[in-house]
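Read the numbers this way: they start at 1 and go in the same order the structure lists the ligands and their atoms. Worth saying up front: this structure is predicted, and the values here are computed from it rather than measured.
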Amino acid sequence: MNKEHEFQLGLADAEESEVQIRLAESADVSALYGVVENASDFAKKMRDKVIDSRTPPIACKAKCDHCCYQSVSITAPEALRIADYLIQRKSNLVRRFIYKLNTLNKKIEGKTPEQRGALNLPCAFLEKAKCQIYKVRPLLCQKHTSLNLQECIAAKPNGFPPGSITEEKAQLVTYTAVVSGYRSGLKNIYQKAFMVATS
Ligand code: SF4
């Protein structure tokens, strides 16, 4: 096992345990939001720790929205946190985004992530080239970076096939590991809860 793989496994294990410990204590909505925020903070902290100062600057800038045309999966706690954020901002925002999500869902229903990406449809939360939920955007959106704008422009019509973008290495490695640990932690705790509830 190489050092990078070992580092990723360590991060994923630490995050998985953290989610399970936190949700074993309490699984109310604030605890659910807390695990998402913690995963986001942990990934960012670890990224900052390992980033190589010689890395070229990332190409991502405000109002650059190419990557918001690809398929992104999210977990239930992330979705609840987004809904809460919209309710806090304005109650009519929820209705507007539910409508946009439903409209988008009708177009992508039954399709694989690759087929969805190839449809080249904008995310429901993208308006005026800006993410309307940037503060609480999904963990996978936080993971994404690009070192080359031209690669994004070329990959967009094809739904960003794997390997089409040169991502910033430290961000890619840390966020991939932390998101994987976060998802495993959620899966473990809810499988256990389901078994307790049905036994
Ligand atoms: S949630 Fe925001 S950052 Fe993520 S794809 Fe949608 S608009 Fe882009």
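There is a side-chain donor-acceptor pair under 3.5 Å between Thr166 and Glu151. With hydrogens and angles left out, the side-chain atoms of Thr75 and Glu78 include a donor and acceptor closer than 3.5 Å.
At the shortest separation from atom 2 (Fe) of ligand 1 among protein heavy atoms lies Cys131 SG, 2.3 Å. Closest protein heavy atom to atom 6 (Fe) of ligand 1: Cys123 SG, 2.4 Å.
Within the listing of ligand 1, atoms 1 (S), 3 (S), 4 (Fe), 5 (S) sit less than 4.0 angstrom from a heavy atom of Cys141. For ligand 1 and Ile133, the ligand atoms under 4.0 Å from any heavy atom of the residue are 1 (S). Near Pro138, the atoms of ligand 1 lying under 4.0 angstrom from a non-hydrogen atom of the residue are 1 (S).
When non-hydrogen atoms are compared, ligand 1 lies under 4.0 Å from the backbone of Cys68 as well as from its side chain.
Cation-pi contact between Arg137 and Tyr134: present, with separation from the ring centre below 6.0 Å and deviation from the ring axis of at most 45°.
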Full working for side chain to side chain donor-acceptor pair (under 3.5 Å) between Glu167 and Ser146 = CA-CA 5 Å; Glu167 296 183 54; Ser146 168; over 6 Å; no

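Phe160 and His144 have perpendicular rings, their planes meeting at more than 60° on a 0 to 90° scale where under 30° would count as parallel.
For Cys67, every N, O or S atom stays at 2.8 Å or more from atom 4 (Fe) of ligand 1.
Between Tyr33 and Val136, every side-chain heavy-atom pair lies at or beyond the 4.5 Å cut-off.
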